[in-house]
Amino acid sequence: MLRSTRSIPLALAVALAACDTAAGPEAADPFDAQSVSADYAAVEAILSTAAWDGLSVLSRAGASAGPSAGPAAAPIISDASRGSTYVYDADSADWVVDPDREGAPADGVRFIVYDEVAGVPDPSSERGWADLIDEGDGSAEDVALRLRVQVDGRLAMDYQVRADEEAGAGRVEVMGFVEGDDGERLDFDVALEGDGQGSNALDFDLSVESRDFAVEGSAMGDDATDDGSVRLAARHRLHGLDLDLESKNGSMSGFINLDSRPFVQVSGSSADPEFTRPDGTPLRPIGVIALLHVVDFVEDVFDLVEDVVDPVGDIVGLGWAL
């Protein structure tokens, strides 16, 4: 079963938080912490966009699309359902095909997105649509889907999902973009893979071009031992941050560099690691804040994977994926 390696960044976040009270030297670090914080805040804002309302529609209404059950099912959407537009019917409290609606993709289905009242779609107040497109015709992959969401007159989300499972092992890759309510766009390519025996790997590449901000990295973990590692490289305009941490047999070790220069050394037990500069002095608060933002961003990557794959899981039964 393919599982999230979420425990790795969570453990690191707790460990890094332990150094938040450390005092530091008077000299300023060559790193613009305020700008870095603004970059990560922008990503969080993008991930809170109204476009996710469209994905929630797919999650709730996906069963109406008539997909085959379980993995190894490509193509997923049946010929009978393709080209159909689903609207919310208040009387039945369900999604039904509107034969008079046009515009649905020929190789997929469309769901109308509404404003909601107490969590229930309001058919009198449309906001846009969410398209689920099947790209699996002739595909050797178990799942090959594309999801597009338009809300409030703008295409706010467009991404592909590719998934495969064999003998209990599996791989999911999501690639595309999501645009925030303020127009800033997050491009992403994330792959999550598991061997079916408890070993998992995550590779990610995300960027916000308008901010000249990009992060790429990987995380690995073992469900049985809780051993794991995180490697990450972030670019914030003229500055860069590299993180390389490993937890094994209850001990943590690694380093964090700023602008290719040593910034933090990590050692000691995983439960109570020590974070010091190369010269042995403790971290300044500004450095701690920057590190916490980076670790939180690794969590955001896991959240992103779950958010964009959940609708697909609800539709095709990818219980092995998350």
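Values in this document were obtained by computation on a predicted structure and should not be read as measured data.
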Undergrad: Roughly how far apart are R277 CZ and I256 CD1, rounded to 0.5 Å?
TA: 11.5 Å
Undergrad: Minimum heavy-atom separation for A233 to D242, with atom names?
TA: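 The answer is CB-OD1, 3.4 Å.
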Undergrad: Would you call F188 and V174 a side-chain contact if the rule is heavy atoms closer than 4.5 Å?
TA: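 Side-chain contact under 4.5 Å: yes.
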Undergrad: Name all residues meeting the salt bridge (Lys or Arg N to Asp or Glu O under 4.0 Å) criterion together with R146; count only those two or more places apart in sequence or in a different chain, and write none if there are none.
TA: D158
Undergrad: Between R162 and E135, is any pair of side-chain heavy atoms under 4.5 Å apart?
TA: yes
Undergrad: Are I133 and L147 linked, directly or through intermediate hydrophobic residues, by side-chain heavy-atom contacts shorter than 4.5 Å (ILVMFWY only)?
TA: no
Undergrad: Please report the closest heavy-atom contact between V113 and A130, naming both atoms and the distance.
TA: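 Minimum heavy-atom separation between V113 and A130: CG2-N, 3.9 Å.
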Undergrad: Apply the test salt bridge (charged side-chain N to carboxylate O under 4.0 Å, His left out) to residues R82 and D107: give CA-CA distance (whole Å), side-chain angles for both, the deciding distance (0.1 Å), then the verdict.
TA: CA-CA 5 Å; R82 295 187 180 197; D107 50 357; 5.9 Å; no
Undergrad: So, for N200 and G194, which heavy atoms are closest and what is the spacing to 0.1 Å?
TA: OD1-CA, 4.0 Å
Undergrad: Of the non-hydrogen atoms in P278 and P262, which two are nearest, and what is the gap between them?
TA: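 Smallest heavy-atom distance, with atoms named: CG-CB, 3.5 Å.
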Undergrad: Less than 3.5 Å apart, any donor N or O on the side chain of D122 or S124 sitting next to an acceptor on the other?
TA: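 D122 vs S124: donor-acceptor pair found between side chains.
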Undergrad: Under the side-chain hydrogen bond (donor to acceptor under 3.5 Å, both in side chains) rule, collect the residues that match up with D100, sequence neighbours excluded.
TA: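 Not a single residue meets the side-chain hydrogen bond (donor to acceptor under 3.5 Å, both in side chains) criterion with D100.
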Undergrad: How about H239 and F213: are their ring centres within less than 6.0 Å of each other?
TA: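 Ring centroids of H239 and F213 are no less than 6.0 Å from each other.
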Undergrad: Counting C-beta onward and ignoring hydrogens, is there a side-chain heavy-atom pair between N249 and D227 closer than 4.5 Å?
TA: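 SC-SC contact between N249 and D227 confirmed.
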Undergrad: Do the charged groups of D181 and R154 touch, with an N to O distance under 4.0 Å?
TA: yes
Undergrad: Test salt bridge (charged side-chain N to carboxylate O under 4.0 Å, His left out) on D212 and R237; report intermediate values, then the result.
TA: CA-CA 5 Å; D212 194 14; R237 288 160 297 284; over 6 Å; no
Undergrad: Of the non-hydrogen atoms in A234 and Y40, which two are nearest, and what is the gap between them?
TA: CB-OH, 3.9 Å
Undergrad: Is F111 close to S84 at the side-chain level, that is, under 4.5 Å between some pair of heavy atoms?
TA: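 Side-chain contact under 4.5 Å: no.
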Undergrad: For E126, give me all partners under salt bridge (Lys or Arg N to Asp or Glu O under 4.0 Å), at least two apart in sequence or on another chain.
TA: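 Checked E126 against salt bridge (Lys or Arg N to Asp or Glu O under 4.0 Å); matches are R101.
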Undergrad: Supply the atom-to-atom distance D189 CG to S207 OG, rounded to the nearest 0.5 angstrom.
TA: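 D189 atom CG to S207 atom OG measures 10.0 Å (nearest 0.5 Å).
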Undergrad: With heavy-atom distances below 4.5 Å as the criterion, would you say the side chains of S267 and S253 are in contact?
TA: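 In short, these two side chains do not touch, never coming nearer than 4.5 Å.
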Undergrad: Look at the side chain of S48 and the backbone N and O of E44, then say whether any donor-acceptor pair between them is shorter than 3.5 Å.
TA: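 A pair under 3.5 Å: yes.
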Undergrad: Within this structure, what is the CG-CG distance for the pair D142 and D164, rounded to the nearest 0.5 Å?
TA: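 One gets 4.5 Å once the value is rounded to the nearest 0.5 Å.
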Undergrad: In the single-linkage hydrophobic clustering (I, L, V, M, F, W, Y; side-chain heavy atoms under 4.5 Å), do M175 and Y159 co-cluster?
TA: no
Undergrad: Do R127 and D152 pass the side chain to side chain contact (heavy atoms under 4.5 Å, CB included) test, and can you show the C-alpha distance, the side-chain angles, and the key distance before you say yes or no?
TA: CA-CA 5 Å; R127 296 188 60 190; D152 303 329; 2.9 Å; yes
Undergrad: Is it true that a side-chain atom of D89 and a backbone atom of A93 form a donor plus acceptor pair closer than 3.5 Å?
TA: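 Checking the backbone N and O of A93 against the side chain of D89, no donor-acceptor pair under 3.5 Å is found.
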Undergrad: With Y88, which residues qualify under ring pair (Phe, Tyr, Trp, His ring centres under 6.0 Å), at least two apart?
TA: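 Counting only residues at least two positions away or on another chain, Y88 forms a ring pair (Phe, Tyr, Trp, His ring centres under 6.0 Å) with W95.
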Undergrad: Under 4.5 Å between any side-chain heavy atoms of L155 and R148, yes or no?
TA: yes
Undergrad: Mind checking the OG-CZ spacing from S218 to R231? Nearest 0.5 Å is all I need.
TA: 6.5 Å
Undergrad: Would you indicate whether the side-chain heavy atoms of T85 and V97 approach each other to under 4.5 Å?
TA: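 V97 vs T85: side chains apart.
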Undergrad: Would V109 and I77 satisfy side chain to side chain contact (heavy atoms under 4.5 Å, CB included), going step by step from the backbone distance to the final call?
TA: CA-CA 8 Å; V109 293; I77 302 175; 4.1 Å; yes
Undergrad: Do you know the tightest heavy-atom contact between V151 and A156?
TA: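 Closest approach of V151 to A156: CG2-CB, 4.1 Å.
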Undergrad: Check step by step if side chain to side chain contact (heavy atoms under 4.5 Å, CB included) holds for L145 and L132.
TA: CA-CA 7 Å; L145 295 173; L132 178 66; 4.1 Å; yes
Undergrad: Evaluate the criterion side chain to side chain contact (heavy atoms under 4.5 Å, CB included) for residue pair E179 and M157; output intermediate values, then yes/no.
TA: CA-CA 6 Å; E179 183 179 282; M157 186 177 294; over 6 Å; no
Undergrad: Rounded to the nearest 0.5 Å, how far apart are CG of D182 and CD1 of I46?
TA: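 Going from CG on D182 over to CD1 on I46, the span is 6.5 Å.
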Undergrad: According to side-chain contact (heavy atoms from CB on, under 4.5 Å), who are the partners of R185, at least two apart in sequence or on a separate chain?
TA: F177, D187
Undergrad: Can you find a pair of side-chain heavy atoms, one from L206 and one from L186, that are under 4.5 Å apart?
TA: yes
Undergrad: Got a sec, which pairs hit salt bridge (charged side-chain N to carboxylate O under 4.0 Å, His left out) with one end in residues 200-211, sequence neighbours left out?
TA: D39-R211, E184-R211
Undergrad: Quick one: pull up CG in N257 and CG in L241 and give me the separation to the nearest 0.5 Å.
TA: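 Taking CG in N257 and CG in L241, the distance rounds to 8.0 Å.
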